[in-house]
Amino acid sequence: MGIKIYNTLTRKKEEFVPITEGEVKMYVCGPTVYNFFHIGNARTFLVFDTVRRYFEYRGYKVRFIQNFTDIDDKMIKKANEEGVTVKDIADKYIKEYYTDADKLNLKRATVNPRATEHMDEIISFIKDLVDKGYAYEVDGDVYFETRKFKGYGKLSHQSIDDLEAGARIDIDERKKDPMDFALWKAQKLGEPAWESPWGMGRPGWHIECSTMASSLLGETIDIHGGGADLIFPHHENEIAQSEARSGKQFSRYWMHAAYLNIDNQKMSKSLNNFFTTREILEKYDADVVRLFMLSGHYRNPINFSLDLMEQAKSGIERMKNSLTNLKYIVENGEDRELTAEEKEISLRLNAYKDKFIEVMDDDFNTADGISVIFDLIRDANTNINEASPKKLAQNAIELIYDLLSPLGILQNTDEDGLDEKIEKMIEDRQRAREEKNFKEADRIRDELKAMGIILEDTAKGVRWKRA
RNA sequence: GGCGACAUAGCCAAGCGGUAAGGCAGAGGUCUGCAAAACCUUUACCCCCAGUCCGAAUCUGGGUGUCGCCUCCA
């Protein structure tokens, strides 16, 4: 039994079989870098970051490519508005992307290719399509002829005729068919352009992903991912271009993350229900955001609200509490071997990992995975206490961090110690308590609380944590 | 019009044929100088109606409702 993936292409869950044993070649459509990315983008990135981490957790070597679209209409518009070059905009927002992505604890991709840095390959890709008769040029534009590609519509499970029937696209008389899409766009006044066999111009949107995916991963890749809205037309078009050119299957598995909605509606600027990731990260830790987003299945839409963020925050608190309590036992517990009974506890604790893998293997069921972690936490909380050996507590801590790692939650374990002043206050309070001077003890505790240090009295002494 | 998804406790959310996980919130309790944390107990006619089956939240048909894609979009 291995990992199963729901494949949009077949609409079935399938056993994951990599092209090369032990390796995963995956490509995920990244952002158009004309703005800060919003929390909807964040969900998609987070989902695929988790997929990637989980593959690594299961021992795969992952080549993870996520592109930056750094040339398109929106980029040009933004550059014109700000009176700077398209490249200026791209550079700026790529930098901002990393700021937010790093803070969200998104692992850096193996490569983050930029469309403009692959222009020669894009042009030769298009040229191949023209040479093979899948594309035609009109006035410096180059279009892909969808009816030439037999499999068109196989990803979105629609026929070209059905798509056309519902189409709301403008009729362009120069195209052979309304469903034909641009591979190359002739330069318009004031737009950045590159030299090509069809004159100055720039690539259409879909071609960059096909080109960079094949260039960096090969003509057939294992997994292609993105937001659900990319199924049509973007991914459909990618398949058409790539398979028309190579004659091989482009991607074996297609994964799509569902939407993040606000008040049950799609986020949109016109509805003014738009949050950037940065705004949210100012109010909530990445751990909270990640727990929130991973607590539902990636193929189901989730609704965003501050109330739900608060709930997630409490969940993170529960995890943290358990961990600080266990760490306290590692520091103050008994330094001895495990009794027979404790060995049983340890064994049972370790079994949660098997359960975790079982549910996560099933199409990355992070919701179930999280519930296994909470089960583990309750078990540890119940059965490990101040009288337990350090080893047992240490075992539980490692296990919790281990299961949390593919989710990217609570992985920044570096903690600051307490400074001398605070340590002295804690000592003073302990003395006051021994003298039954509870008023003074409580005063110091309140003072520390105001400083962000929470004290908890245990049978073995005082335990502290940060608020 | 075409294609599709979803409807489970106050809130969120798994489960997808064998009799309802988990989190948050609430109530009661244990422990504690108090508190906190933790633990225990407690809260579900699984949208409706038919049907298949020994057995359905899970499958089939029909409703109702919400949402998405078919246009730039994660």
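Convention: sequence-line order gives letters A, B, ...; per-chain numbering from 1. Hydrogens, waters and symmetry mates play no part in the numbers below; they use all other heavy atoms, side chains included.
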If the [atom1] atom of [N] is compared with that of [M], how far apart are they to the nearest Å?
{"N": "B:rC46", "M": "B:rG10", "atom1": "P", "answer": "13 Å"}
{"N": "B:rA35", "M": "B:rG29", "atom1": "P", "answer": "12 Å"}
{"N": "B:rG1", "M": "B:rG63", "atom1": "P", "answer": "13 Å"}
{"N": "B:rU52", "M": "B:rA44", "atom1": "P", "answer": "30 Å"}
{"N": "B:rC11", "M": "B:rG26", "atom1": "C1'", "answer": "11 Å"}
{"N": "B:rG61", "M": "B:rC24", "atom1": "C1'", "answer": "38 Å"}
{"N": "B:rU43", "M": "B:rA20", "atom1": "C1'", "answer": "14 Å"}
{"N": "B:rA50", "M": "B:rU64", "atom1": "C1'", "answer": "15 Å"}

Review point. How do A:S314 and A:K13 order along RNA chain B: which one's closest nucleotide is nearer the 5' end?
Key: A:K13

Between [atom2] on [N] and [atom1] on [X], what's the gap in Å once rounded to a whole number?
{"X": "A:Y6", "N": "B:rG15", "atom1": "OH", "atom2": "P", "result": "14 Å"}
{"X": "A:K460", "N": "B:rU32", "atom1": "NZ", "atom2": "P", "result": "17 Å"}
{"X": "A:L155", "N": "B:rG2", "atom1": "CG", "atom2": "P", "result": "21 Å"}
{"X": "A:I426", "N": "B:rA35", "atom1": "CD1", "atom2": "C1'", "result": "16 Å"}
{"X": "A:D162", "N": "B:rC69", "atom1": "CG", "atom2": "P", "result": "18 Å"}
{"X": "A:D161", "N": "B:rC70", "atom1": "CG", "atom2": "P", "result": "18 Å"}
{"X": "A:D307", "N": "B:rA25", "atom1": "CG", "atom2": "C1'", "result": "9 Å"}
{"X": "A:H206", "N": "B:rC72", "atom1": "NE2", "atom2": "C1'", "result": "10 Å"}

Would you tell me if any nitrogen or oxygen in the side chain of [X] comes within less than 4.0 Å of OP1 or OP2 on [N]?
{"X": "A:R378", "N": "B:rC40", "result": "yes"}
{"X": "A:R318", "N": "B:rC39", "result": "yes"}
{"X": "A:N365", "N": "B:rG15", "result": "yes"}
{"X": "A:R463", "N": "B:rA38", "result": "no"}
{"X": "A:R11", "N": "B:rG4", "result": "yes"}
{"X": "A:N381", "N": "B:rC39", "result": "yes"}

Exercise for review: Compare all side-chain heavy atoms of A:D73 with those of A:K78 and state whether any distance is below 4.5 angstrom.
Suggested key: no

Exercise for review: State, yes or no, whether a side-chain contact exists between A:R43 and A:I302 at a heavy-atom distance under 4.5 Å.
Suggested key: yes

Sort out the partner of [N] for me: Watson-Crick or G-U wobble, both distances under 3.5 Å, none otherwise.
{"N": "B:rG10", "result": "B:rC24"}
{"N": "B:rC16", "result": "none"}
{"N": "B:rG61", "result": "B:rC49"}
{"N": "B:rA74", "result": "none"}
{"N": "B:rC39", "result": "B:rG29"}

[X], nearest nucleotide to its side chain (from [options]):
{"X": "A:D375", "options": "B:rA35, B:rA21, B:rC70", "result": "B:rA21"}
{"X": "A:N41", "options": "B:rG2, B:rA37, B:rA74", "result": "B:rA74"}
{"X": "A:Q158", "options": "B:rA21, B:rC3, B:rC34", "result": "B:rC3"}

Measure distances between side-chain N and O atoms of [X] and base N and O atoms of [N], and say whether any donor-acceptor pair falls under 3.5 Å.
{"X": "A:D457", "N": "B:rC34", "result": "yes"}
{"X": "A:R445", "N": "B:rA35", "result": "yes"}
{"X": "A:H38", "N": "B:rA74", "result": "yes"}

Review point. Looking at the rings of A:Y97 and A:F68, which for Trp means the six-membered one, are their centres under 6.0 Å apart?
Key: yes

Check your understanding: Where is the tightest heavy-atom contact between A:L418 and A:E423, given as atom of each residue plus distance?
Key -> O-OE2, 3.6 Å

Review point. Does A:Y98 have A:R108 sitting over its ring (NZ/CZ under 6.0 Å from centre, angle to axis within 45°)?
Key: yes

Heavy atoms only, 4.0 Å cut-off, all strands: where does [X] land among base, sugar-phosphate and nothing?
{"X": "A:L291", "value": "nothing"}
{"X": "A:L260", "value": "base"}
{"X": "A:K74", "value": "sugar-phosphate"}

Practice item. Kindly assign one of parallel, tilted or perpendicular to the pair A:H235 and A:H256, based on the angle between their ring planes and the thresholds 30° and 60°. Key: tilted

Exercise for review: Could you grab the distance from atom CZ of A:F232 to atom OG of A:S156, nearest 0.5 Å is fine?
Suggested key: 5.5 Å

